[in-house]
*Asks:* 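Below are the structure tokens for one structure; questions will follow.
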There are 2 protein chains.
Amino acid sequence: MTSTTVLRRFNRNYTQRIGVLEDSFLGLGMPLAAARLVFEIGTRPTTIQALRARLGLDSGYLSRLVRGLERRGYVTVQPDVTDRRRRVLTLTDDGHKLLAEIEARSEAKACAILDPLSPRQRERLEAALATADLLVRAATAEFVRVDPTDPLAREAVTRYVAELNERFEHGFDPGPLAPADDEQYRPPHGVFVVARSDGEPVAGGGVRTFGGTAEIKRMWVHPDWRGAGLGSRMLRRLEDEAVALGHRVVRLDTRHVLTEAIALYERSGYQRIDRYNDNPYATHWYEKRLPA
Amino acid sequence: MTSTTVLRRFNRNYTQRIGVLEDSFLGLGMPLAAARLVFEIGTRPTTIQALRARLGLDSGYLSRLVRGLERRGYVTVQPDVTDRRRRVLTLTDDGHKLLAEIEARSEAKACAILDPLSPRQRERLEAALATADLLVRAATAEFVRVDPTDPLAREAVTRYVAELNERFEHGFDPGPLAPADDEQYRPPHGVFVVARSDGEPVAGGGVRTFGGTAEIKRMWVHPDWRGAGLGSRMLRRLEDEAVALGHRVVRLDTRHVLTEAIALYERSGYQRIDRYNDNPYATHWYEKRLPA
DNA sequence: CACGATGTCTGACTTTAGTCAGATATTCTG
DNA sequence: CAGAATATCTGACTAAAGTCAGACATCGTG
């Protein structure tokens, strides 16, 4: 049986049986879409714009849904202070009560579904769903080239730096962030790529030109998203970008404590070479010849 | 994280991303529900009644959907010869063409979703989905008491007999099926239980009164549904039924080749005892004292 | 063969979900 | 500061999905 067959079969069986999870929102006196909104807003106050991106709704439709929730007193709508075109949504006390009710219903429904399973089977299902969840999310993440000043890129780099600082024995200091730095990751010198899911960066990395070859830098994968192949995909994508920039050789450096990264590079055909830069944090240097 | 949390999280992520599998039916010039019907009818000719049970649709709504398909020449509707109230649906040639188109679109969509994954990740996802599929299906199977003459019970017993006949070294002959036999699995002497999913029996088993104690017989789980705990659930259910019939002790016999069954009984607290009947096929005899 | 149950159909209706074309206010860019 | 771009809102519309009450034919049972 092929993977697509399994996926399609699962989809049929699952949506038919578990789709009922959403039916638990019935009887709340509001359409399901509105209940989903309450859930999203409850997770964290959001702008209408963010909801539109996250849930993929038409702006007119969303506007009406929100107004409905406002009219019933579940949410308050206020202009965003930093950009008065945007409007920030917050749950009122009644909204939080409603959210609690929604949560309770979902939970009850989920319990009812899992109830017949023995603890052992439940654990198996939990593990399978967690794996499937991660892989499905990873498969649907979108890789996009962005400007290094894009908020997505900024966040990816910030988290990358924070992680190195935590994992390196004596911390990590990226030095002052000069505007010239950004220039390195802009065509024609280089590019920056992020993987995005639901509007959040889940992986990032850049290629720049250094010493006549391409150099891959700042590769990072969100901790919650590791083990799903995003690292390999990012690496492959950055190699493609290097080729597109006209390079035939790509290099990179790393530090011994980053064992997963080292494993990834070696699995991906990188050869260890001598020190080619003066990065004080680097302990390993790699090179790969790219197919034209 | 609890199982319900994982289930709910998966459900949110999954329906949002993969629900798109169904969007592939868009542009066929028919509502999604109609496309689903074509798929169901294509799998095997069905009656309207069966569709209603399987898809859980309102009879009026379904009637209209079917009439629409008929009007466009995708299905033919004929009275069932055995019961002229029922109507049998069959795909026409055009209907089969449409089904092929639907299949192609689903397949393309599934491919697109899986495409970004490496073969290794795809295999992992496939395994996870197959496990989740089995367990979700098992969790939602319904255990019902039925009369031993009920078609569901008949099918379960038939398949049970067929399997024993195949697995026993010299086959298995259940002997003539006497009406008195059925009586044994009817209150107040006994009961017959089947687990049902989408109208098909996926497990079955009976309790009868024999030699002053309860005896569990004819326990069977559909081969495609094994490894999901249906056997344990059926055993527990039959024990409960035995208690309800007023018994405090339940016995059963089995044959050495049925190793999973033996493992199940021993895991479930059954003690091996001496031969208590003259079943020529039995090699192992078990007993369990039931909590009141 | 009467009577209740079953299977299907019809008409009249509602809700949900969504689309699309502008209108308006605000912010960004040169 | 003009003009483009962005964020939201409004009105007018459609299609899909489903509900409900009742009508009608057929079947099984006593």
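Quick note: numbers below take in every heavy atom, side chains included, and nothing from hydrogens, waters or symmetry partners. Here is how names work: the chains are called A, B, and so on, in the same order as the sequence lines, proteins then strands, and each is numbered from 1.
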*Asks:* Could you give the angle between the helix axes at the two ends of the helix from C/dC1-D/dG30 to C/dG30-D/dC1, with five pairs per end, rounded to 10 degrees?
*Replies:* 30°
*Asks:* Would one find more than 12 heavy atoms of other residues, nucleotides or ligands at under 6.0 Å from atom CG of B/Asp224?
*Replies:* yes
*Asks:* Report the distance from atom CD1 of B/Ile48 to atom C1' of C/dT10, rounded to the nearest whole Å.
*Replies:* 13 Å
*Asks:* C/dT27 C1' sits how many Å from A/Gln49 CD, rounded?
*Replies:* 12 Å
*Asks:* Just checking, any donor-acceptor pair under 3.5 angstrom between side chains of B/Asp80 and B/Thr82?
*Replies:* yes
*Asks:* So which of B/Lys217, B/Arg218, B/Glu183 actually passes side chain to side chain contact (heavy atoms under 4.5 Å, CB included) with B/Arg208?
*Replies:* B/Lys217
*Asks:* Starting at CG of B/Leu55 and ending at P of D/dG18, how long is that distance when rounded to a whole Å?
*Replies:* 10 Å
*Asks:* List, one per line, each side-chain donor-acceptor pair under 3.5 Å for residues 47-61 of chain B, sequence neighbours excluded.
*Replies:*
residue	atom	partner	partner atom	Å
B/Thr47	OG1	B/Ala50	N	3.1
B/Gln49	OE1	B/Arg86	NH1	3.1
B/Arg54	NH1	B/Glu40	OE1	2.2
B/Asp58	OD2	B/Gly60	N	2.8
B/Asp58	OD2	B/Tyr61	N	3.0

*Asks:* What's the CG-C1' distance between B/Leu89 and C/dG7, to the nearest Å?
*Replies:* 12 Å
*Asks:* Rounded to whole angstrom units, what separation is found between the CG atom of B/Leu37 and the P atom of D/dA17?
*Replies:* 10 Å
*Asks:* What integer distance in Å separates A/Leu57:CG from C/dT16:C1'?
*Replies:* 13 Å
*Asks:* Under 4.0 Å between a side-chain nitrogen and a carboxylate oxygen: does that hold for B/Lys97 and B/Asp94?
*Replies:* yes
*Asks:* If you find the nucleotide of DNA chain C closest to A/Leu65 and the one closest to B/Val66, which residue's nucleotide is nearer the 5' end?
*Replies:* B/Val66
*Asks:* Please work out whether the ring planes of B/His222 and B/Trp220 are parallel, tilted or perpendicular, with thresholds of 30° and 60°.
*Replies:* tilted
*Asks:* Within a reach of under 6.0 Å around CG of A/Asp115, are more than 12 heavy atoms found that belong to other residues, nucleotides or ligands?
*Replies:* yes
*Asks:* Among B/Val207, B/Val157, B/Leu238, B/Leu152, find the residue that satisfies the side chain to side chain contact (heavy atoms under 4.5 Å, CB included) test when tested with B/Phe192.
*Replies:* B/Val157
*Asks:* Answer yes or no: is there an ion pair linking B/Glu103 with A/Arg8, defined by an N-O contact shorter than 4.0 Å?
*Replies:* yes
*Asks:* Find the distance A/Arg87:CZ to C/dT26:C1' and express it as a whole number of Å.
*Replies:* 12 Å
*Asks:* Please list, for nucleotides 20-30 of chain D, all pairs of protein and nucleotide N/O atoms separated by less than 3.5 Å.
*Replies:*
residue	atom	partner	partner atom	Å
D/dC27	OP1	B/Arg84	N	2.8

*Asks:* Using whole Å, what does the distance between atom P of nucleotide C/dT6 and atom CG of B/Leu62 come to?
*Replies:* 18 Å
